[in-house]
Undergrad: 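Here it is: the structure, laid out below.
Positions are given from 1, in the same order as the sequence printed here. Every number for a ligand or one of its atoms is a count from 1 in the order of the listing. Everything numeric in this text was worked out from a predicted model, so none of it was measured.
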Amino acid sequence: MIQVDRLKSLFLELVQIDSLSRREGRIAERLAQEMRDLGATVVFDQADAAVGGEVGNLIARLPGTVDARPFLLCAHMDTVEPGIGVHPVVEDDVIRSDGTTVLGGDDKSGIAIVCEAVRAARDQELRHPPIDVVFTICEELGLLGARHLDIGQVAARRGLVFDSDAPGCVFTRAPGSQRIEAVVRGRAAHAGMAPERGVSAIRVASEAIAAMRLGRIDPETTANLGVIHGGRAHNIVPDEVRIRGEARSHDVARLATQSAHMRSCFEEAVARHPGAQVEVNVMQMYEPMNVGDDAPVLRLLRIAAERVGRPVRSARMGGGCDANILNRRGFEIVNLGTGMRDIHTTKEWVRVSDMAAAAEVTLSALTLAGEGS
Ligand SMILES: [Zn+2]
C-alpha cells in the first residue's frame with residue numbers, strides 16, 4: 001500500500017531544498033508540482049504579503065472518488081536555523097543530519113507522509129473523499145501561515161496536522177502561548193566617580209527575575225526567560241536591560257495569571273528603585289488547543305489506525321502547532337506524530353519506518369473518510 005522507498009526518497013529530496021521561514025518559495029514550487037502530478041488543483045493564498053515572505057500557503061484540492069465530506073491534510077514547509085545546506089546521512093532505517101544543521105524532519109517528515117498517503121490513494125484508485133492538502137509557511141515564527149490562511153479556499157473542515165515527534169501518538173491538546181518582553185531602564189553614571197547618581201538597570205532586572213516563578217509552574221503551565229541584553233561597559237552603571245521570555249499553558253486563565261505575575265515582578269522591582277522604569281509587553285502568540293476525546297475526527301483516526309494494526313493513543317504537546325490556530329478557526333484537527341526526533345537541534349533524526357507507519361494510518365483514515373465516516 002505505502003511505498004517505503006518512494007516515501008524515503010521524497011523525504012531525502014525535500015530536506016535538501018532550503019526552506020527557512022519566509023523563504024519557502026523553492027520547496028513550494030516543488031510541492032505544487034507534486035500535487036499537480038497527483039491531479040490536484042493548486043493555489044497559493046496571500047499570506048506571504050502579511051508575513052513578508054516569498055510565497056503564500058500552498059492549497060491543493062484533489063477531487064474525491066466518492067461523494068463524501070472533504071478531508072484536510074496539513075504540514076508546514078518552513079524549517080528552523082541552522083537549516084541551510086542540509087546533508088542527510090542515511091544509516092539503515094535512520095536518517096539524520098550531518099551535525100552541522102537541523103535535518104528539517106520538522107516538518108518535512110509530515111510533508112512526505114502526506115504526499116505518500118495521497119499518492120498511494122490515487123495509484124490504487126481507492127475510494128476516498130475530496131482531499132485538501134495545505135502546506136503552510138512560517139509555522140516556526142508563531143504559526144503565522146495558519147493564522148493568515150485563506151480558509152475560503154479550503155473546503156475541508158476536519159482532518160490531520162502532521163507536526164510532532166512521537167510516532168503512534170495523536171496530539172489533541174497543546175498549550176497556548178504568550179511572549180513577554182520587558183525593557184528595564186535605570187540611569188547611567190560613572191561607576192567609580194559617581195555611582196550614587198546612577199540607577200542600575202541590571203540590579204533592578206535581577207531583583208525582578210529572582211522573585212519570578214519560572215520553569216514548570218504547574219502541570220498545565222511553563223514559563224521561561226530566554227534572552228537578556230544590557231549594559232554598556234564595566235565602568236558605567238547600566239541604564240538599560242532588555243529581556244525576552246514566554247509563558248505557556250493548556251489553561252487560558254493560568255496563562256493569563258502567569259504572564260501577569262511576570263509583569264508584576266518587574267513592576268515591583270522598579271517600584272523599589274526610584275528613577276527606574278519598566279515597559280512590559282505581553283503578546284498573545286496562540287491559544288491553547290483542546291480537542292475532546294469524543295471528537296468525530298479523533299474517533300475516525302482511532303478506528304483507521306486500528307484497522308491497520310497501528311493503534312494510536314492521544315497525548316498532549318508541550319508546544320504549539322498549526323492545529324492550535326486551525327481549531328480556533330472552525331476546523332476540527334488533531335496532530336499525528338511523524339517520528340521526527342531531537343527537533344530544533346543539529347542532532348535531529350527520524351526513522352523511515354515511523355514515517356511509513358504514519359502514512360499507513362493516514363491512508364487508512366482517507367479510506368475510512370471515503371466510507372462516509
Ligand atoms: Zn513543526
Undergrad: Identify which one of Glu54, His76, Lys108 satisfies the side chain to side chain donor-acceptor pair (under 3.5 Å) criterion when paired with Ser19.
TA: Lys108
Undergrad: Less than 4.0 Å between a side-chain N and a carboxylate O, is that true for Arg69 and Glu332?
TA: no
Undergrad: Only N/O/S atoms count here: what is the atom of Asp163 closest to the Zn ion (ligand 1) called?
TA: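 Asp163's closest N, O or S atom to the Zn ion (ligand 1) is named OD1.
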Undergrad: Check this for me, if you would: do Glu116 and Arg6 make a salt bridge, where the nitrogen-to-carboxylate-oxygen distance has to be below 4.0 angstrom?
TA: yes
Undergrad: So does Glu140 have any N/O/S atom less than 2.8 Å away from the Zn ion (ligand 1)?
TA: no
Undergrad: For a distance under 2.8 Å, tell me if His76 has an N/O/S atom near the Zn ion (ligand 1).
TA: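 Within the cut-off used here (under 2.8 Å), His76 does place an N, O or S atom near the Zn ion (ligand 1).
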Undergrad: Checking side chain to side chain donor-acceptor pair (under 3.5 Å) between Glu220 and each of Arg254, His250, Arg248, Arg316, which is the one that passes?
TA: Arg316
Undergrad: Which N, O or S atom name in Asp106 marks its closest approach to the Zn ion (ligand 1)?
TA: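 Checking each N, O and S atom of Asp106, the shortest distance to the Zn ion (ligand 1) belongs to OD1.
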